[in-house]
Every structure is written in structure tokens, then in C-alpha cells.
Amino acid sequence: MNKPLKIAIARAGEGKKLAYYPGCSLSSAGRPYDMSLKAVLKHLGIPFAEMKDWTCCGSFAAAAQDPLLAGVLPLSNLRLAAFDGCSDILIPCPECYSRFRKSLEDYSENGNLSRKMDDVLESHSPAAKPVHPLEIFSGFSPGEIKRDLSKIKAVCYYGCLLVRPPEISGVDDCENPRKMELILRACGMQTADWECRTDCCGGSLSISSPETEERLSETIIDSALEAGADCIVTACQMCQMNLEVCRKNRKKNLPVLYFTQIMGLAMGLKPSILGFGSNLVDAENLLKKVE
Amino acid sequence: MQCRKCGAGCPVSKESDILPHQVVHALRMGMKGTVLESRMIWLCPLCGTCNTRCPQGVDIMGAIENCRNTVLSEKINPGIPAAAGLAGAMLASIERRGRVYELGIVRAMKETKEILREFRLGLKMLYKGRLRLFPTSGDRLRVKKILKRTMEHTGKNSEKEGNTRVE
């Protein structure tokens, strides 16, 4: 078992609970991510407690309005998790994760801002530590592989927020991340190198500036197909959604999956509990190759 | 003299009116209007490429977010109204429910004919559970309190435009 996973389970055993913060997207747009992540955590025996009263991190909207608001919205959730006895908080959404990390960074670096944040929240209590799934599963190896994934070639798409800026999100190297490739290879899947591993998919531009987002997504899909990919594997629900529904992919039908879905397949979990039924681009042909 | 690594790596450079290095240059020259009225500050997806690659550690993303703050607080016409509108719609949802309700945003942002064009996709997403028909709510009381107290602080805050930190 890899070290980060051992640490996660050990801390859980010490009574230091792992809080789970889904964020606004995971229960809807990111449903396959939410389902597969929870299924994998349960299978590996990592206890977690989904926060009931979580509130939005604010995303780029709060930051556009007011930096103080952008700081307090995430911090209030971190303090709530700590108050409930959780030392760490698992945040699958890279946007949320990035905002949580930035909030803590601003709090520790800017004394003026931190005083205002404490005043708004009327507290000075400790905050839980944000953790991303790729951090816990870094170096993961499934032990016994229950499904042969060797006939599938995947390209790993990291996008922006997981790796940039390195001092805030830095889950992996910002120009040449490898964590997802290593996990997939440990699961027996082939991975191919390709150009667009850390290129931007456009994010929320799908709503505010769709033509730009279409161009960015099209470039990514084209590049993946050029690399001979059977699927794109990602760790961000915004990216996953954009790549699934872009005009190019409605013609090409390249499955866009989550790395947690692949982990689950390798460990023999049923595709239905890994959220494959919620994928918009059908992965049936892919699944037939591995059964 | 600018190295322009930021502009070279910017994913939206094709559609943008000004590039990241031009944002920095304009702000340093005191040409606030050029930046505040630009489409660039709203087209920027905050991908972080510019900040990560700048050899001088200039916080271009931070400058762009500060410009957005100024545009909204001083009620300047945003270069891309839809982007400012999206931020507004999300904040309204957060105020109301403590969370972002996507279907509500779509209704607020898109015209009926646009929604109807994507009707089939919308239905598929609903059927597959990728879109919630009804919203869920978080701790609304906590969020209302946060919003109120934040407004009290920021009410008469001095403007913070275009911070360029050269490290």
C-alpha cells in the first residue's frame, strides 16, 4: 500500500475523521466523480463523513465581487469541519480545492485580511486541512487487479486548477504532472503522452463565452484522438463535463472518465456504482473490452 | 521591456482584446480604463498559466480579479456582460440557498431559444442525474450572516485596482 493512503487510513484510525466536501458540482454535474470516489473510499476502508451543512466555496463569483468574501466563504466550511472533529477535509473539486487553499494562504500571509476574516466569522477557531483525492491516492496500487485494463489506452487530462499556481494548488508538477498516469499504470491501463495535459478547457466560459470554450475543448479532443486514446481520464468535473458535451465530442464520442472510475474497475467494483450510468458519452464499448 | 511569457501561454489570447502582459503594462502606465473596460478581464478563465510562468512572479491573476472587483463596485460596463452576469447569478444563488443551483443559473443566463436548442441535452443530463431538477440548500443562516458582515466591512473600502507585485 502506498504511503499517502496508509497515512489517510492511519489518521482515520486515530479518530481524526476525514470530512467530505462535495461542493455544488459533485452531486449534479460531477455525479460520476462523487459516486466513484465514495465507492473507492468505502472499498479501501477509509472512513469519511460527508458534511451536511456545507455551503458554496464562492468559486470565481465571490472573488469577482470581493476578496474578503472569497476568503471567508471557504474558511467558514474549514472551521465547521474542524469543529465537527475532522482534521482533514477531502475536496474533490479542483476549483473548490484551489479556493480553500487560497483562503488559507491569504489568511496566513495577510494580517489585515485575516483580522477581517475572523471578524466576519466571529471566531478564531482552527481550520481543517484541505486534501485532494489525488493526494491521498498518490502512488496507489490496487494489489490484486480484478479486471484486465491493458487493452485500453488512456490520456490523462489534468487541466489548470489542480496544478496551478504551484504554491496554491500544486497537487502535482505544474508543467509535467504524473500522478494520474502512475495510478492508471498501476491499475494495468496503458497511458499515452499527449500535448494537452495541462491545457485549459475553458471552465465556466462554457456559459459566458461558449465559442472560446468550444475552441479550447475541440483542441483537447483532437489531440487526444491523435494520441490514439480510447478515453480521456480526468480529476475535474468541470473539465469532464466540458469535454463530454462539446460539439466536437458529440461527433467523436470519446469517453471522458474519472481516475476514480478506473481505480474502481481495477478493484473489481461494478460499473453501475462507479457512476458509469451517469456518463453522457457512453463507455459501453470500453467496458466490454475489460469484462 | 517585457518577456511576454504570460501572453504566449494565455489560452484565450485568440479571442482576447488585450493580452496579460498588456494588462500589466497598461496598469503600470496608469491606463486603468483600457483594462477595466476590456473583455480580457472577463474572458480570463483564471487558468494560472501566466502567474506560474512569470519569471518575475507578477500576480497577473490577482490583478485581473482586482479589476473585476473595481468594475463591479464602481458599476463600470463589463467588457463581457454575460461573464459578470454569471458571477452575479451564482452569488444570488449562494445568497438564497447557500449553494449554486445550476438549473437556476441556466434559466437566468440563457434566453429561451438557447435553452430550447439544447433541450435534448438538458433532458439527457436530467435523466442521467447530471443536473438537479430541484435545488438543495446548505446552511443559509450562516451564509446570510457572512454576506451581511462582509458587506459591513467592504462597504466603504478603498479601491484596489491592478496590484502588480514584482518580487
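Residue numbering restarts at 1 for every chain, and letters A, B, ... go by the order of the sequence lines. Note: hydrogens, waters and symmetry copies are ignored here, and every other heavy atom, side chains too, is used.
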(message) Below 4.5 Å, heavy-atom pairs only: which of B:R53, B:R39, B:K145 has the largest tally toward chain A?
(response) B:R53
(message) To the closest 0.5 Å, what do you measure between OG1 (B:T136) and CH2 (A:W54)?
(response) 5.5 Å
(request) Working to the nearest 0.5 Å, report the span between CG of B:L46 and OG of A:S204. (result) 8.0 Å
(message) Quick check for you: among A:A63, A:G203, A:A62, which has the greatest number of heavy-atom pairs under 4.5 Å with chain B?
(response) A:A63
(request) Between chain B and each of A:A70, A:G58, A:G202, A:S76, count heavy-atom pairs under 4.5 Å; write down the option with the most. (result) A:S76
(message) A:R178: which residues meet the salt bridge (Lys or Arg N to Asp or Glu O under 4.0 Å) condition with it, sequence neighbours left out?
(response) none
(message) Which atoms of B:V143 are under 4.5 Å from chain A, going by heavy atoms: the side chain, the backbone, both sets, or neither?
(response) side chain
(request) With chain B as the partner chain, list the residues of residues 159-172 of chain A whose heavy atoms fall under 4.5 Å from it, by residue number, and write 'none' if nothing qualifies. (result) A:C160, A:L161, A:R164, A:P165, A:P166
(request) Measure across A:L280 and B:K124 and return the closest heavy-atom pair with its distance rounded to 0.1 Å. (result) O-NZ, 2.9 Å
(request) For atom CD of A:E50, decide whether the heavy atoms of other residues, nucleotides or ligands shown that lie under 6.0 angstrom number more than 12. (result) yes
(message) Is A:L205 close to chain B through its backbone or its side chain, or both, or neither, when contacts mean heavy atoms under 4.5 Å?
(response) side chain
(message) I need the B:R99 CZ to A:C56 SG distance, nearest 0.5 Å.
(response) 10.0 Å
(message) Salt bridge check, B:K148 against A:E122: does any charged N sit closer than 4.0 Å to a carboxylate O?
(response) no
(request) To the nearest 0.5 Å, tell me how far B:T150 OG1 sits from A:L69 CG. (result) 5.0 Å
(request) Tell me, out of A:E213, A:E211, A:R250, who's got the most heavy-atom pairs with chain B below 4.5 Å. (result) A:R250
(request) Identify which part of A:M117 has an atom lying under 4.5 Å from any heavy atom of chain B, answering side chain, backbone, both or neither. (result) neither
(request) Find the distance between OG1 (B:T154) and CD (A:Q65) and round it off to the nearest 0.5 Å. (result) 8.5 Å
(message) Given heavy-atom pairs under 4.5 angstrom as the criterion, report whether the side chain, backbone, both or neither of A:S209 touches chain B.
(response) side chain
(message) Check this for me: B:L141, atom CG, are more than 12 non-hydrogen atoms of other residues, nucleotides or ligands nearer than 6.0 Å?
(response) no
(message) Less than 4.5 Å to any heavy atom of chain A: does that hold for the side chain of B:E65, its backbone, both, or neither?
(response) both
(message) For residues 19-38 of chain A, give me every residue with a non-hydrogen atom less than 4.5 Å from any non-hydrogen atom of chain B.
(response) A:C24, A:S25, A:S27, A:S28, A:A29, A:R31, A:P32
(request) Measure distances from A:L216 to the heavy atoms of chain B and classify the residue's part below 4.5 Å as side chain, backbone, both or neither. (result) side chain
(request) Look only at the side chain of B:R149 and the backbone of A:D119, and say whether a donor-acceptor pair between them is shorter than 3.5 Å. (result) yes
(message) Nearest 0.5 angstrom please: A:T212 OG1 to B:L43 CG, how far?
(response) 4.5 Å
(message) Quick check on B:I146 against chain A: is it the side chain, the backbone, both or neither that has a heavy atom closer than 4.5 Å?
(response) both
(request) Count the heavy-atom pairs under 4.5 Å between each of B:A83, B:P81, B:G129 and chain A, then report the option with the highest count. (result) B:G129
(message) Taking A:D53's backbone N and O only, do any of them form a donor-acceptor pair with B:R142's side chain (distance below 3.5 Å, no angle check)?
(response) yes
(request) State, to 0.1 Å, how close A:S208 and B:A82 come at their nearest heavy-atom pair, and which atoms those are. (result) O-CB, 3.7 Å
(request) Please state whether the side chain, the backbone, both or neither of B:T49 comes within less than 4.5 Å of a heavy atom of chain A. (result) both
(request) State, with a plain yes or no, whether a side-chain heavy atom of A:P67 is found less than 4.5 Å away from one of B:N69. (result) yes
(request) Give every residue pair that meets the salt bridge (Lys or Arg N to Asp or Glu O under 4.0 Å) criterion with at least one member in residues 6-23 of chain B, sequence neighbours excluded. (result) A:R215-B:E15
(message) Which atoms of A:E95 are under 4.5 Å from chain B, going by heavy atoms: the side chain, the backbone, both sets, or neither?
(response) neither
(message) Quick check for you: among A:N279, A:T219, A:T198, which has the greatest number of heavy-atom pairs under 4.5 Å with chain B?
(response) A:N279
(request) Sort out for me which of A:M241, A:K52, A:Q237 touches chain B most, counting heavy-atom pairs under 4.5 Å. (result) A:M241
